[in-house]
Protein chains: 2
Amino acid sequence: MSMSLPLLTPTETVACCSPLLKQPIGADEAIRIAPLLKALADPVRLRLLSLVASHADQEACVCDLNDAFDLSQPTISHHLKVLHEVGLLDRSKRGVWVYYRVRAEALSALGTLLGGVVA
Amino acid sequence: MSMSLPLLTPTETVACCSPLLKQPIGADEAIRIAPLLKALADPVRLRLLSLVASHADQEACVCDLNDAFDLSQPTISHHLKVLHEVGLLDRSKRGVWVYYRVRAEALSALGTLLGGVVA
DNA sequence: TGTAAATATTGACATGTGTCTATGTCCGTG
DNA sequence: CACGGACATAGACACATGTCAATATTTACA
């Protein structure tokens, strides 16, 4: 957290468009970030995240998600677990149902790292 | 759209897409984007990308990169190939040396997809 | 209490991935 | 032309990952 880099040479300024590109990332930092990207780097999980976020109240129960894929229930459950474990999805149980919700801060932190700008 | 999206590289796909959270991403779209994230989802490749971008002129030759890691030369070559194949690194050979350069648009497109904002 | 529904966990399997050593290819130089 | 250096490719191997069927767990309700 919190690396402030005040003085930039012209070259550095040009290079600057994302924290990743501003300066060499540390080995430990890379090890910490990679699992987040790895969790996202699957088509099913990308769709799951997007589906949950697009759902009413930005949350969805597993029953809704299962129907959206041609995959077994345990497989969906597995993917949700992966996203939850890296902190991209919040999980709350209400009765028999389990609801997942996107942790937008986590996602946008990743986006910022890569240098994106919201349209 | 939907005229013909057959021949889009992963990079092109990301470049034109709305943020992941605004609407459910399509299955085909997810399949094209995931490889980009997968290429990034490795600590060594994250550092490679960052190192290349931080280098003078935003490009680096393999000889420089090899020294920065405690890995064999073929392993580094492999990772660079992965990053190159998804369009995150440009490659140019000059004499005996090969120089890699970050394709910043590709990265920032990904960032935008995830909803990040440059600080 | 017993049964059914919603999720999670387990175990198995095929496939993918990161790494290495060994070898190949391309290029400059003597 | 031959040699050496820079980088890529091939093959091998251990380990991780995505998927499923089977089973367990939790909860509501008759």
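Every chain is numbered from 1, with letters handed out A, B, ... down the list of sequences.
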J.: For A:Lys38 and A:Leu71, take the nucleotide of DNA chain D holding the closest heavy atom to each; which residue's nucleotide lies nearer the 5' end?
T.: A:Lys38
J.: Return the nearest nucleotide to the side chain of B:Ser77; candidates are D:dT9, D:dG18, C:dG18.
T.: D:dT9
J.: Hey, could you give me the CG/CG distance between B:Leu36 and B:Leu107, rounded to the nearest 0.5 Å?
T.: 9.0 Å
J.: C:dA8, OP1 or OP2 - any side-chain N/O from A:Arg91 closer than 4.0 Å?
T.: yes
J.: Is A:Leu71 reachable from A:Leu65 through a run of I, L, V, M, F, W or Y residues, each pair having side-chain heavy atoms under 4.5 Å apart?
T.: yes
J.: Mind checking if A:Arg94 touches a base, just sugar-phosphate, or nothing, with heavy atoms under 4.0 Å?
T.: nothing
J.: Answer with base, sugar-phosphate or nothing: what part of the nucleic acid does B:Asp42 contact at a heavy-atom distance below 4.0 Å?
T.: sugar-phosphate
J.: Atom CD1 of B:Ile76 and atom P of C:dT17: how far apart are they, to the nearest Å?
T.: 18 Å
J.: Tell me whether B:Ser77 contacts the main-chain N or O of B:Gln73 through its side chain, where contact means a donor paired with an acceptor under 3.5 Å.
T.: no
J.: Atom NZ of A:Lys93 and atom P of C:dA5: how far apart are they, to the nearest Å?
T.: 17 Å
J.: To the nearest Å, how far apart are B:Trp97 CH2 and C:dG28 C1'?
T.: 8 Å
J.: May I have the distance from A:Asp64 (atom CG) to C:dA5 (atom P), rounded to whole angstrom?
T.: 18 Å
J.: D:dC7, C:dA8, C:dA5: which one has an atom nearest the side-chain heavy atoms of A:Val62?
T.: C:dA8
J.: Between the main-chain N or O of A:Asp57 and the side-chain N or O of A:Arg101, is there a donor-acceptor pair closer than 3.5 Å?
T.: yes
J.: Round to the nearest Å and state the distance from B:Gln73 atom CD to D:dC7 atom C1'.
T.: 5 Å
J.: Starting from C1' on C:dT17, measure out to CG on B:Leu40 and report it in whole angstrom.
T.: 16 Å
J.: For A:Tyr100 and C:dA8, what is the distance between atoms OH and C1' respectively, to the nearest whole Å?
T.: 8 Å
J.: Rounded to whole angstrom units, what separation is found between the CG atom of B:Leu89 and the P atom of D:dC7?
T.: 14 Å
J.: Which nucleotide, D:dG5, C:dC20, C:dA8, lies nearest any side-chain atom of A:Pro74?
T.: C:dA8
J.: Within the structure shown, what part of the strands sits under 4.0 Å from B:His79 by heavy-atom distance: base, sugar-phosphate, or nothing?
T.: sugar-phosphate
J.: With nearest nucleotides of DNA chain C determined for A:Val98 and B:Thr75 from heavy-atom distances, which residue corresponds to the more 5′ nucleotide?
T.: A:Val98
J.: Can you check whether B:Arg45 has a side-chain N or O nearer than 4.0 Å to OP1 or OP2 of C:dG18?
T.: yes
J.: Where do A:Ala104 and B:Leu21 come nearest, in terms of heavy atoms and distance?
T.: CB-CD1, 4.4 Å
